[in-house]
Protein chains: 2
Amino acid sequence: MLIQTECPTGSIRYRATPHRNVPPICDSASLDTTNLKGFMTSYSEDREIYGAMEETKYLYKVVSGAVRTCRTFKDGRRQIGAFYVPGDVFGIETGDRHTLSAETTAPSKLLLINRSTLVALAARDNAIASQLWMVTALELRKVQNHVLSFAKPARERVAGFIVEMARRLSVSDEVQLPMKRQDIADYLGLTIETVSRSLTSLENIAAVKIQKRRQIVLRDYPALVRLSA
Amino acid sequence: MLIQTECPTGSIRYRATPHRNVPPICDSASLDTTNLKGFMTSYSEDREIYGAMEETKYLYKVVSGAVRTCRTFKDGRRQIGAFYVPGDVFGIETGDRHTLSAETTAPSKLLLINRSTLVALAARDNAIASQLWMVTALELRKVQNHVLSFAKPARERVAGFIVEMARRLSVSDEVQLPMKRQDIADYLGLTIETVSRSLTSLENIAAVKIQKRRQIVLRDYPALVRLSA
DNA sequence: CGACCATTTGATATGGATCAAGCGATGTGG
DNA sequence: CCACATCGCTTGATCCATATCAAATGGTCG
């Protein structure tokens, strides 16, 4: 069974549902952009959308492709804060500077919405204000889950990552990962080697099958959920 | 120079300021509770305030003491999501269930504010709505910084933790930590032994002095900031 | 003063990092 | 359309930061 999810500008996204046990948390807050003027911009892979500490001029909605937010430290270590896939909103801040930088992990089309316009609108329209709050709160919950994942060993983090991605963008029993291993590693606080070994291990216990590097088949979803719980 | 921060019910908190270089981020969003009816409740140390998955009936403001939000996994591993000290608001959610559980790390007094009342109020009063959004966004920024800390080695995480605590609750050059080493360890994703050794190491390089277990003297604040950056 | 609990310190073990090939997919130029 | 170069990923060998195990110490409270 497929559910068609709302999407701002033509490009429709489908989401596979409850043959998996999705926990009963609301993860569907988004911004209704149908009545909002914004403009579309295209980016190739690995392009910076904005830098940390840059002014927050826009709020972004992913139409296609994928985005990472991250910070790179002086010594080269990088931590990825989150990934955003079609339908997701990012770049939302109440302060006037971004906390992290944002970059594409794949060729992407983004809808840019003027921040000050939106904030002004929210001041008059409670529905908009409420949506902004909801999106922020959803983001908060996502980041909290990310923090929780650091309590787990490598393979379980990777399992959790696959579960999350499956929930957010899988059609049927396959997940098409929109990022490189290095991105996954920097998101989970691991190295590419460890991510790779974890995937191999998950394949060995028949939880997944790696079909085409970035294409993962979910063989035993309950096992993945159990591992990452 | 001391700044008196607003506090709901008598108990006033002071905060030492810019002899340290506080980065120019807004970290002062809070909820003005002066016109909100709520009720005060006292908790002794290590008491559960609410459990994960419990209904979100209240929003809480710390008047005195300190609170941790956390999740404990089946195998006993525990991850602390955040600490809350006097003036901080926690328990804010847009969903109707809490994501994490909340517990005191010290004897505490909390102001409980009815959630549905507040949400109803926010629907009519834009100032309240805006404050709720600001508090959520501030929380988001805090949790994002927490995620970033996982990219760093043990001693730097501990240094960062001290800096954060100093910013939030120090009077003068001392920090009175309102939690045990185990709490710090579970917040940073380390063991108590590693936290302890890191503290000893920071003492050896004359960055801090551990005066009374939970009382830390900031000897070289710039060094701490440098380490944790 | 004595008992207990939190913390520190010491010795050893280990999960994941690092270093180093090898391999397979994807793209490019001839 | 194929040979080859490149890049991303996997696999193997070794190392190290932090975990684990085990005392010893010190603070706190009855």
Side-chain angles (χ1 to χ4, degrees), chain A residues 44-46 66 68 73 75-79 104-107 149-162 175-205 208-216 227, chain B residues 44-46 66 68 73 75-79 104-107 149-162 175-205 208-216 227:
Chain A
S44 56
E45 194 174 315
D46 281 314
R68 62 174 174 255
F73 297 96
D75 60 359
R77 292 169 308 197
R78 185 180 68 161
Q79 179 63 52
T104 52
T105 66
S149 78
F150 287 103
K152 299 168 203 158
R155 198 179 65 171
E156 305 186 14
R157 288 188 212 177
V158 174
F161 179 76
I162 293 171
V175 199
Q176 184 72 30
L177 298 175
M179 74 288 283
K180 299 190 171 98
R181 295 285 188 273
Q182 187 64 61
D183 294 316
I184 300 175
D186 290 347
Y187 176 75
L188 297 176
L190 302 169
T191 58
I192 42 170
E193 291 94 333
T194 300
V195 170
S196 178
R197 283 186 242 271
S198 298
L199 283 170
T200 305
S201 168
L202 290 174
E203 196 163 25
N204 289 338
I205 63 172
V208 300
K209 175 158 173 32
I210 286 105
Q211 205 141 47
K212 280 179 70 239
R213 284 187 170 184
R214 288 188 180 199
Q215 189 171 42
I216 293 184
L227 271 172
Chain B
S44 57
E45 193 174 316
D46 280 314
R68 63 173 172 255
F73 296 96
D75 60 359
R77 293 169 307 197
R78 185 180 68 161
Q79 179 64 51
T104 53
T105 65
S149 78
F150 286 103
K152 299 168 203 158
R155 198 178 65 172
E156 305 185 13
R157 287 187 214 179
V158 174
F161 179 76
I162 293 171
V175 199
Q176 184 71 31
L177 298 175
M179 73 287 285
K180 301 193 168 106
R181 295 285 188 272
Q182 186 65 61
D183 293 316
I184 300 175
D186 290 347
Y187 176 75
L188 297 177
L190 302 169
T191 60
I192 40 170
E193 291 94 331
T194 300
V195 170
S196 179
R197 283 185 241 269
S198 298
L199 283 170
T200 304
S201 167
L202 290 174
E203 196 163 26
N204 289 338
I205 63 172
V208 300
K209 175 157 174 31
I210 285 107
Q211 206 140 47
K212 283 178 69 237
R213 283 186 171 187
R214 289 187 180 202
Q215 190 170 40
I216 294 183
L227 271 172

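Letters A, B, ... mirror the listed sequences (proteins, then strands); counts begin at 1.
- Side-chain contact between B/L227 and B/L202 is present, with heavy atoms from C-beta onward closer than 4.5 Å.
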**Q.** Sequence-aligned protein contact record of nucleotides 6-16 of chain D, with B where the base is within under 4.0 Å of a protein heavy atom and S where only the sugar-phosphate is
**A.** --BSBBBB---

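- Residues A/D75 and B/K152 have side chains not in contact (no heavy-atom distance under 4.5 Å, counting atoms from C-beta outward).
- Atoms CG (B/N204) and P (C/dT9) sit 8 Å apart, rounded to a whole Å.
- Using a 4.0 Å cut-off on heavy atoms, none of the residues of residues 152-159 of chain A approach DNA chain D.
- The backbone N or O of A/I210 lies less than 3.5 Å from a partner atom in the side chain of A/E203, making a donor-acceptor pair.
- Contact between A/A66 and A/P178 at its shortest, heavy atoms only, is CB-CB, 3.6 Å.
- A 4.5 Å side-chain heavy-atom check between B/R181 and B/L199 finds at least one atom pair inside the cut-off.
- Closest approach of B/I192 and B/A185 over heavy atoms only: N-CB, 3.6 Å.
- In this structure, CG of B/L190 is placed 14 Å from C1' of D/dT20, rounded to the nearest angstrom.
- Between the axis at the start and the axis at the end of the helix from C/dC1-D/dG30 to C/dG30-D/dC1 there is an angle of 40°, using five pairs per end and rounding to 10 degrees.
- The phosphate of C/dG16 has neither OP1 nor OP2 within less than 4.0 Å of any side-chain N or O from A/T191.
- Taking 4.5 Å as the limit, some side-chain heavy atom of A/K180 sits within range of a side-chain heavy atom of A/D46.
- Side-chain contact between B/Y187 and B/V195 is absent, with no heavy atoms from C-beta onward closer than 4.5 Å.
- Rounded to whole angstrom, the span from the CD atom of B/Q211 across to the P atom of D/dT28 amounts to 12 Å.
- At whole-Å resolution of the value, CD in B/Q176 and C1' in D/dG27 are 14 Å apart.
- Annotation: side chain of A/T194 is not in contact with side chain of A/R157 (no heavy-atom distance under 4.5 Å).
- With B/V208 as the partner, the side-chain contact (heavy atoms from CB on, under 4.5 Å) test is satisfied by one option alone out of B/I162, B/V175, B/T200: B/I162.
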